[in-house]
Each structure stands twice: as C-alpha cells, then as structure tokens.
Amino acid sequence: MGFVLAAAGSAVGLGNIWKFPYITGENGGGAFVLVYLLCILLVGVPVMIAEILLGRATKASPVSAYRSQSRPGSPWVGIGVLGVLAAYLLLSYYSAVAGWAMHYTYLSVTNEIAGSSPEQVQGLFAALTASVPTGLGWQFAFLLLTFGVVAAGVTHGIERWARIMMPSLLVLMLVLLGKAMTMDGWGEGIEFLFGMRTDNLTAGGVLEALGHAFFTLSLGMGSMITYGSYLSSKDDLASASLLTAGTDTLVALLASMVVFPIAFTFALEPGAGPGLIFVTIPTALAQMAGGSILSIVFFVMLVFAALTSAIAIFEVVTAYLVDDFGLSRNKACVTGGLAVVLIGVPPSVSAVWFDRVDYFVSNWALPLGGLGIAVFVAWKMNAALRRGEFESGSRLAKFYRTWLWILKYPVPACIVVVFLHAVGLV
Ligand code: PFF
C-alpha cells in the first residue's frame with residue numbers, strides 16, 4: 001500500500017490537475033480523452049511494469065540498473081544518464097509552477113482572490129509572472145520542502161508523506177467535485193469531457209496524448225525504476241502498476257470534471273491553455289459563494305499533488321548520487337539540491353528557457369527514455385530474471401506473454417511514430 005501510494009504520488013501531479021485539463025480543452029474534449037485512455041492502457045501500463053521490474057530486479061538507481069544488466073561501456077547506460085539529466089531539468093521548472101500554486105494558496109488564505117473582478121484576477125497572475133523575486137521565493141520554499149522529505153528517507157520521508165498527502169488530495173478533490181455537480185455548467189462540462197467529437201481530433205492531438213501518457217505516469221526518466229528498487233519480491237508488481245495508473249487516470253478525470261463545469265458555468269474558454277488553472281479557475285472561484293474556502297481547497301490540493309511528484313523527481317537525482325558517487329543520503333540531497341537551486345533554477349525564470357526545457361523533456365527525453373526501457377527490458381534483459389520478476393508474488397502471472405509481446409512490438413512502434421512526427425516526417 002505504501003508503495004502504491006508513493007508511486008501514485010509520483011504519477012499524480014501538475015500533469016493531472018494543471019496540464020491534462022488544458023490539453024484536453026485545446027484538443028476539443030471527448031475523443032482526445034478516449035485516445036489518451038488507450039495510450040495509458042496499451043503503452044503506459046506495459047512500460048510502467050518494465051520500469052518497476054528493472055528496478056526491483058537490480059535493486060539499483062537507473063544508471064546502475066542499466067549498467068548491471070549490460071556489458072561494460074554499453075551505450076544503454078546513457079539512457080539512464082539521460083533520465084537523471086531529464087529529472088534535473090524537469091525539477092527546475094516543475095518547481096516554478098508548483099511555486100505558483102503555493103503563491104495562490106497564500107493569496108487564497110489571505111482572501112485576495114474571493115470577490116475580485118476578472119481583471120483583478122488576471123492582474124494577480126500577470127503580477128506573479130512579472131515579479132522574479134516573488135516567483136523565485138515561492139519556488140525555493142517549494143524546493144526546500146521537497147529536499148527535506150527526500151532527505152528524511154524512503155520510509156520516513158517519501159512513503160510517510162505520500163500516505164498523508166495522497167488520501168488528503170482525494171478528499172479535497174471530492175469536496176470540489178461535490179460543488180461542481182451542483183453548478184449550472186455541470187452537464188455541459190461533462191458533455192465536453194466525454195462527448196465524442198472525433199472531428200476535433202488531429203494527428204497532433206493523438207501524439208500529444210501519447211506524450212502526456214509518459215509524463216503523467218512518470219515514465220521514461222527512471223523515477224519508477226528508482227521506486228521499484230525499494231519494492232520487495234513478495235509484492236505484486238503488475239497489480240501495483242495497474243493500480244497506480246488507475247489512480248492517476250481517475251485523478252486526471254476528476255480534475256477535469258471539476259475544471260470544465262466551472263469554466264462552462266462562468267462562460268469561460270475551456271481551451272484557455274496553461275492559464276486555465278491560474279486565471280480561469282480563480283476568476284470563477286472569485287465570483288462563487290464559498291469561493292474563498294474552495295480556492296484554499298483547490299490550491300492546497302495542487303501543492304500536495306506537485307510535492308509528491310517533485311519528491312519522486314528529486315529521488316532520481318539523489319539515488320544516482322548515492323549509488324554512483326557513494327554519497328550518504330544527506331550529502332546527496334544537499335549536493336543535488338544546491339545544483340538544482342544554483343544552476344537549474346535561475347534560467348527557468350526566462351519564459352523562453354521554460355518552454356524549451358519543457359519541450360525537450362516532454363517531447364524528447366521522456367519518450368526516448370520510454371523507448372529505451374521498453375527495448376532494453378523486452379529484448380536485452382536476461383529472460384529468466386525478467387520472467388521470474390514478473391511472476392514473483394503476482395496474481396497476473398498468466399499475462400506475462402501478453403505483456404512481453406506488447407512491450408516488444410506495439411510499444412516501440414508507437415513511440416517511434418511520435419519521434420517521426422516531432423521531426424516532421426509524419
Ligand atoms: N507524473 C508527474 C505529473 O503528472 O505531474 C510528473 C513527473 C513526475 C514526471 C516524476 C516524471 C517523473 F519522474
């Protein structure tokens with residue numbers, strides 16, 4: 001249970017509450033959601049099983065995991081290194097958005113959102129993005145929390161906080177859902193989310209759904225390899241993966257079932273892009289009865305989601321420094337933390353850098369890491385070890401061949417198509 005909560009904590013993050021609703025909005029709703037669900041089930045879950053399996057089999061961080069299963073000097077180790085680099089880069093801008101969520105929590109608590117006019121709410125976001133010290137201050141505060149939990153260790157830090165934050169997040173989400181269900185825009189919001197309008201779906205939308213499946217399930221950068229390395233051989237790995245992916249999907253859908261009815265009730269644009277959460281939703285909350293409490297609930301939930309994910313991202317960097325450089329956990333956290341704060345964070349204040357790094361991580365590093373793990377586990381890893389790991393403690397042992405076949409053929413094929421699209425060939 002602790003593992004599933006920690007893995008679900010990694011998966012459920014800004015990707016579910018901030019990114020999923022806005023890309024669903026931009027891609028026209030229902031048909032996109034269906035494609036996304038297929039990507040999660042057919043590509044995401046098999047890759048997640050592969051990552052956790054490699055971690056548990058080698059009991060090592062990503063770089064050492066690849067190293068221990070390949071010849072000396074093998075280029076596979078490079079896939080592990082790419083994952084650590086991606087984690088480092090991702091944390092430097094993920095923490096910026098998480099810092100915004102903390103700032104909005106503060107604005108909600110000090111009652112600066114409730115009762116504001118739409119122009120005033122837009123002004124709050126503009127002021128935040130224009131003020132470098134405010135943005136950096138909240139970003140550092142968020143990073144300190146992240147480093148603190150990771151330094152406390154796997155059982156006393158990561159698992160313990162996941163056990164507290166994940167159930168709280170679900171409760172907060174259900175409170176908001178209860179409110180959304182009473183709103184005038186509920187029917188329209190649900191129809192937007194689940195109604196099939198296939199003419200809105202483009203090839204780009206399909207590829208975005210696949211890319212997001214990697215991001216939201218925390219795949220391709222070794223986060224699940226690292227978490228898998230702490231899993232015991234008695235645990236049921238395939239069921240844990242399904243449960244993690246199921247929780248992640250549920251939260252993304254619940255978040256959308258809150259966001260779209262609010263947007264429709266107040267006649268706001270569902271395809272408003274990244275500002276949907278920080279402008280559209282506060283605009284609506286400001287006009288609602290009970291808006292001040294609801295906005296606290298909403299932004300605390302967002303901070304919890306971001307924190308459990310940032311912990312998982314930073315754990316990739318920490319485990320690498322512990323395994324490959326022999327540092328103690330505390331020293332690894334201080335070294336990794338200083339590197340993120342001093343070298344990673346400063347450039348992330350520039351919007352251009354932010355967009356470029358997000359583009360590199362989401363569209364290149366994660367799919368490449370996902371392709372690497374799928375090909376490595378399916379084609380390179382010792383077959384007896386792989387089968388033993390899949391079957392050990394598993395109620396789903398009979399699906400071993402099906403899983404392996406999916407990992408060998410459809411998964412790499414789908415990811416290659418994403419790359420061909422990224423370079424403009426399809
Ligand atoms: N899955 C997280 C989200 O949806 O926000 C992001 C993430 C966390 C990506 C951890 C990768 C990772 F290793």
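For clarity, every value in this text was computed on a predicted model and none was experimentally measured. All ligand and atom numbering here is 1-based and tracks the order in the structure.
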Open item on the list: If the cut-off is 4.0 Å to any non-hydrogen atom of Gly13, which atoms of ligand 1 fall inside it?
Closed with: 3 (C), 4 (O), 5 (O)

Open item on the list: Going by the closest heavy atom to atom 2 (C) of ligand 1, which one wins out of Ser10, Gly15, Gly369, Gly9?
Closed with: Ser10

- [ ] Report the nearest protein non-hydrogen atom to atom 13 (F) of ligand 1: residue, atom name, distance rounded to 0.1 Å.
- [x] Ser223 CB, 3.0 Å

TODO: Rounded to the nearest 0.5 Å, what's the gap from CG on Leu210 to CD1 on Ile415? Could you check?
DONE: 6.5 Å

- [ ] May I ask you to identify the nearest protein heavy atom to atom 9 (C) of ligand 1, giving residue, atom name and distance to one decimal place in Å?
- [x] Phe215 O, 3.5 Å

Open item on the list: I need the single residue from Leu237, Ile49, Asp236, Asp235 that forms a side chain to side chain contact (heavy atoms under 4.5 Å, CB included) with Ser394. Which is it?
Closed with: Asp236

Task: Aromatic centroids of Phe299 and Tyr106 separated by under 6.0 Å - done: no

- [ ] Under 4.0 Å, heavy atoms only, figure out whether ligand 1 is touched by the backbone of Leu90, its side chain, both or neither.
- [x] side chain

TODO: Considering only NZ, NE, NH1 and NH2 on the basic side and carboxylate oxygens on the acidic side, decide whether Arg67 and Asp324 come within less than 4.0 Å.
DONE: yes

- [ ] Look at the aromatic rings of Phe314 and Phe147 and report parallel, tilted or perpendicular, splitting at 30° and 60°.
- [x] tilted

Task: Tyr94: numbered ligand 1 atoms lying under 4.0 Å from its heavy atoms - done: 2 (C), 3 (C), 5 (O), 6 (C)

- [ ] Using a strict 4.0 Å cut-off to heavy atoms of Asn16, name the atoms of ligand 1 that fall inside it.
- [x] 4 (O)

TODO: Tell me which protein heavy atom sits closest to atom 7 (C) of ligand 1, plus the residue, atom name and distance to 0.1 Å.
DONE: Ser218 OG, 3.6 Å

Open item on the list: Side chain, backbone, both or neither: which applies to Ala11 and ligand 1 if a contact is any heavy-atom pair less than 4.0 Å apart?
Closed with: backbone

Open item on the list: Only heavy atoms of Leu14, strictly under 4.0 Å: list the atoms of ligand 1 that pass.
Closed with: 5 (O)

Open item on the list: When you compare the side chains of Tyr230 and Glu315, does any donor N or O come within less than 3.5 Å of an acceptor on the partner?
Closed with: yes

TODO: Using only heavy-atom distances, determine whether the side chains of Ser218 and Ser223 contain a donor-acceptor pair under 3.5 Å.
DONE: no

